Amino acid sequence: MENKGTKRKIIGFAAVSITGTLCHFVYEWSGYNYAVGMFCPINESPWEHLKMLWFPFLLWSLAEYFILKRPQGFWMTKCIGNLTGLAVTTSFFYTYSGIMGNNTLFWDVCAFFLGVSAAFLTDDLLQKAKCATKPQAQIIGIAFIIVLSVLFMIFSFLPPLIPWFRDPNLLTYGI
């Protein structure tokens, strides 16, 4: 049974990593379609690159939800896992780029894979610990997932004018 869970986690990590990587290019490939831009990065800002983790992890979570027996606390642990992945990605990015004085593709890719790893590890640890099993936790997890998903979409068009949302190459914000 544990072997099945390990296989599923490895497949999930690979699926999220590959899908997230492809997401980096989909907006351009779509001819700059606004609908695609709500789910995929529209520029090189750190915020937009978090879509590469958030939405693929969410899609994987939906697939798992329908495949698994819907373990207690499922959506709260997925939410916390995904948020942890975003926090690790952001922290690693700003730490290394602050130390180096700029960012590089190699370390950006490392930040992404560390974030994906953190998301899966956190989710797994929380599931095993049977955390957040109350129905209220599920509702809060789902609500937070919806709110952050909507914010990713809104901020594609109306981002706050702070560096996290600014494309460092074009010095622009949003679409």
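Just so it is clear, the values below take in all heavy atoms, side chains as well, and ignore hydrogens, waters and symmetry mates. Since this is a predicted model, take the numbers as computed values, not measurements. Index from 1, following the sequence.
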Nearest 0.5 Å, please: how far is [atom2] in [Y] from [atom1] in [X]?
| X | Y | atom1 | atom2 | value |
| --- | --- | --- | --- | --- |
| Phe39 | Tyr27 | CZ | OH | 13.5 Å |
| His49 | Ile42 | NE2 | CD1 | 11.0 Å |
| Ser61 | Ile145 | OG | CD1 | 6.5 Å |
| Glu64 | Leu59 | CD | CG | 12.0 Å |
| Arg166 | Glu48 | CZ | CD | 14.5 Å |
| Asp124 | Thr77 | CG | OG1 | 9.5 Å |

Consider only side-chain N and O atoms of [X] and [Y], and report whether a donor and an acceptor are under 3.5 Å apart.
| X | Y | value |
| --- | --- | --- |
| Trp107 | Ser97 | no |
| Thr172 | Asp167 | no |
| Asp108 | Tyr96 | yes |

Looking only at heavy atoms, which two atoms of [X] and [Y] are closest? And how far apart?
| X | Y | value |
| --- | --- | --- |
| Ser45 | Trp164 | CB-O, 3.8 Å |
| Ser156 | Gly37 | OG-O, 3.2 Å |
| Pro46 | Pro163 | CD-O, 4.3 Å |
| Phe112 | Ser17 | CE2-O, 3.7 Å |
| Asn43 | Phe165 | ND2-O, 4.4 Å |
| Gly85 | Ala118 | CA-CB, 4.3 Å |

ask   = Hey, mind stepping through Leu22 and Trp29 against side chain to side chain contact (heavy atoms under 4.5 Å, CB included) and telling me if it holds?
value = CA-CA 10 Å; Leu22 289 173; Trp29 292 345; 4.1 Å; yes
request  = Can you label the angle between the Phe120 ring and the Phe13 ring as parallel, tilted or perpendicular, going by 30° and 60°?
outcome  =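 It falls in the perpendicular class, over 60°.
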Decide whether [X] and [Y] are clustered together by the hydrophobic rule: side chain heavy atoms of Ile, Leu, Val, Met, Phe, Trp, Tyr closer than 4.5 Å, transitively.
| X | Y | answer |
| --- | --- | --- |
| Val150 | Ile140 | no |
| Ile99 | Phe93 | no |
| Leu86 | Leu125 | no |
| Val109 | Phe57 | yes |
| Trp47 | Met153 | yes |

Indicate yes or no: at least one non-hydrogen side-chain atom of [X] is less than 4.5 angstrom from one of [Y].
| X | Y | answer |
| --- | --- | --- |
| Phe74 | Gln127 | yes |
| Leu58 | Ser149 | yes |
| Glu44 | His24 | yes |
| Cys23 | Phe55 | no |
| Trp60 | Asn82 | no |
| Tyr65 | Trp75 | yes |
| Val116 | Leu53 | yes |

message = Between Ile80 and Asp123, does the side chain to side chain contact (heavy atoms under 4.5 Å, CB included) criterion hold? Intermediate values first, please.
response = CA-CA 7 Å; Ile80 294 170; Asp123 172 51; over 6 Å; no
message = I'd like to know whether CZ of Phe144 has more than 12 heavy-atom contacts from other residues, nucleotides or ligands below 6.0 angstrom.
response =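 Check fails, neighbour count at 12 or below.
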request  = Dump the intermediate steps for side chain to side chain contact (heavy atoms under 4.5 Å, CB included) on Thr84 and Leu121, then the final yes or no.
outcome  = CA-CA 9 Å; Thr84 301; Leu121 180 62; over 6 Å; no
